[in-house]
Amino acid sequence: MIPFNTLKPLHHELQDELLAAMTRVLHSGWYILGPEVEAFEAEFAAYHGGGYAVGVAQGTDAIELALRAFNIGPGDEVITVSHTALPTVNAIERSGARPVLVDVDPLTCTIDVAAAAAAITPRTRAIVPVHLYGQMARMNDLLALVERHALLLVEDCAQAHGARYAGRLAGTFGHAAAFSFYPTKNLGAIGDGGAVLVQDAAVAARLKSLRNYGQSATYVYAEKGINSRLDELQAALLRVKLRHLDAHNAQRRHIAGLYSAGLRGVTVPFVQPEAEHVYHLYVVRHPQRDRLLPLLQQQGVGTKIHYPTPVHLVQPYRESGYAAGPLPVTEQLVQEIVSLPLYIGLTTAEAQQVIAGVTAALAELAAAHA
Ligand SMILES: Cc1ncc(COP(=O)(O)O)c(C=O)c1O
């Protein structure tokens, strides 16, 4: 069986560096918002060519606080997609703004820019594109739209650390960018973690206050904030992994390349010519996905679905009526997608085994039809 995902080979590869980082923090006597967090913030910003990174507790808070730092809240509308991890929408809701969910582009599975344009109202303040699966949204069109309507752009980069569009890194296009360091992300902690990347020093200072109960200095409260701090241990571990991010993304691209060259009978990921995909997930499509799944399991290919239910149809969100209108592409897509095994340490031989397993499962499916 090739598992859908495992972090064991990655953590085995980096074990000595990770243990050294853990020991350093243990012996430092300082565990929350300290020198490791500051160093990680500086290194993460430098990786992105500048700006300011602010470490927070997870990616969901990163989105919420990014919006709040730009004064987005009750009475405002924020456009995003329904085809995303639920926290994108949850975070917008928590900022006080109303999420407005639009359809995705059928090729990239990222925000349909024309649909976003059609959903703009006088209350619209921001767009949150999700760089889903490791590929950035159609940024040329999106930037033009955002500029035309003077909207705020907050990139959801939870699945796109190190991805590029026209040579430019994910997170450097928006007024703010939100990152998750959930352990399975391309840059993952060994626990929860997140960060907001901004270009403006005053916004960064406000984020630092918002993540720490709203304190501008010890026991001085500039506004109401929350507790969303990155801890020293996670920051120290993230510093280790950041040094390997580009090499690990290249490894992901190598495996994806093997899949895309070897797979027949499923639709492999479409990659925009401007995009450098970092394959957080390798997602294929098949019109009979639900019949294919048990056959893949029998062939020893671990799979998952990202995501089986679009947010506008998830039970507690259904009643909120966040969909801008019918979302036919999204609703069709979620019935066809399946994510194949992709993780650091997956060997070429294992990738070939996955290709053989998918090929055999498709043959069985065809035989069942005959
Ligand atoms: C696209 C997207 N946005 C937001 C999040 C939220 O991140 P976190 O789980 O760190 O809160 C995730 C990950 O779960 C995600 O995949």
Side-chain angles (χ1 to χ4, degrees), residues 4-5 7 40 44 53-68 78-95 97 99 101-102 104-105 108-111 126-137 142 153-163 170-171 173-174 176-197 207 210-211 226-231 234-235 237-238 241 252 277-283 304-312 314 317 322 330 333-334 337 339 342-343:
F4 165 71
N5 195 5
L7 293 172
F40 172 68
F44 195 62
V54 178
V56 296
Q58 9 69 20
T60 313
D61 284 355
I63 300 169
E64 176 193 339
L65 294 182
L67 293 169
R68 288 185 59 184
V78 174
I79 295 172
T80 192
V81 287
S82 187
H83 183 55
T84 181
L86 189 125
T88 309
V89 180
N90 178 231
I92 294 169
E93 198 176 41
R94 275 190 359 207
S95 76
L101 307 182
V102 300
V104 288
D105 170 304
T108 62
C109 305
T110 62
I111 193 163
I127 300 186
V128 179
V130 181
H131 304 316
L132 200 71
Y133 306 151
Q135 173 166 225
M136 293 187 64
L142 195 56
L153 181 65
V154 176
E155 297 172 71
D156 183 341
C157 297
Q159 303 192 0
H161 316 72
F173 287 76
F179 292 85
S180 163
F181 305 126
Y182 185 79
T184 56
K185 301 302 190 202
N186 288 34
L187 178 62
I190 301 188
D192 272 315
V196 186
L197 184 69
L207 282 163
L210 281 170
R211 75 173 170 190
I226 61 175
N227 174 352
S228 182
R229 299 177 297 223
L230 185 62
D231 64 66
Q234 299 310 333
L237 297 168
L238 286 164
K241 289 199 182 176
R252 288 176 181 274
H277 201 315
V278 290
Y279 294 100
H280 172 59
L281 296 166
Y282 187 90
V283 179
K304 274 197 175 172
I305 297 170
H306 299 90
Y307 297 88
T309 312
V311 180
H312 72 287
V314 167
Y317 287 79
Y322 289 149
T330 294
L333 192 61
V334 298
I337 47 177
S339 310
L342 204 168
Y343 48 85

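Whatever order the structure lists them in is the order used to number ligands and atoms, beginning at 1.
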Checklist line | Side-chain H-bond candidate by donor/acceptor type, Asp105 with Thr110, under 3.5 Å | finding: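 Side-chain D/A pair, Asp105 to Thr110: absent.
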*Are His131 and Gln159 linked by a side-chain donor-acceptor pair shorter than 3.5 Å?*
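No, no side-chain donor-acceptor contact under 3.5 Å.
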- Indicate yes or no for a side-chain donor-acceptor contact from Ser339 to the backbone of Leu281 under 3.5 Å, with no hydrogens or angles considered. no
Pairs under 3.5 Å, N/O atoms on ligand 1 and on the protein: can you put them in a table with the distances?
from	atom 1	to	atom 2	distance (Å)
ligand 1	3 (N)	Thr88	OG1	3.4
ligand 1	3 (N)	Asp156	OD1	3.3
ligand 1	3 (N)	Asp156	OD2	2.7
ligand 1	7 (O)	Ser180	OG	3.3
ligand 1	10 (O)	Gly59	N	2.8
ligand 1	10 (O)	Ser180	OG	2.7
ligand 1	11 (O)	Gly59	N	3.3
ligand 1	11 (O)	Thr60	N	2.9
ligand 1	11 (O)	Thr60	OG1	2.5
ligand 1	14 (O)	Lys185	NZ	3.4
ligand 1	16 (O)	Gln159	NE2	2.9
ligand 1	16 (O)	Lys185	NZ	3.0

message = Between Leu101 and Val89, is there a side-chain heavy-atom distance shorter than 4.5 Å?
response =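 Val89 vs Leu101: side chains touch.
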Aromatic ring centroids of His306 and Tyr133 under 6.0 Å? no
- Parallel, tilted or perpendicular: which describes the rings of Phe181 and His161, with under 30° parallel and over 60° perpendicular?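 Tilted: the ring planes of Phe181 and His161 meet at 30° to 60°.
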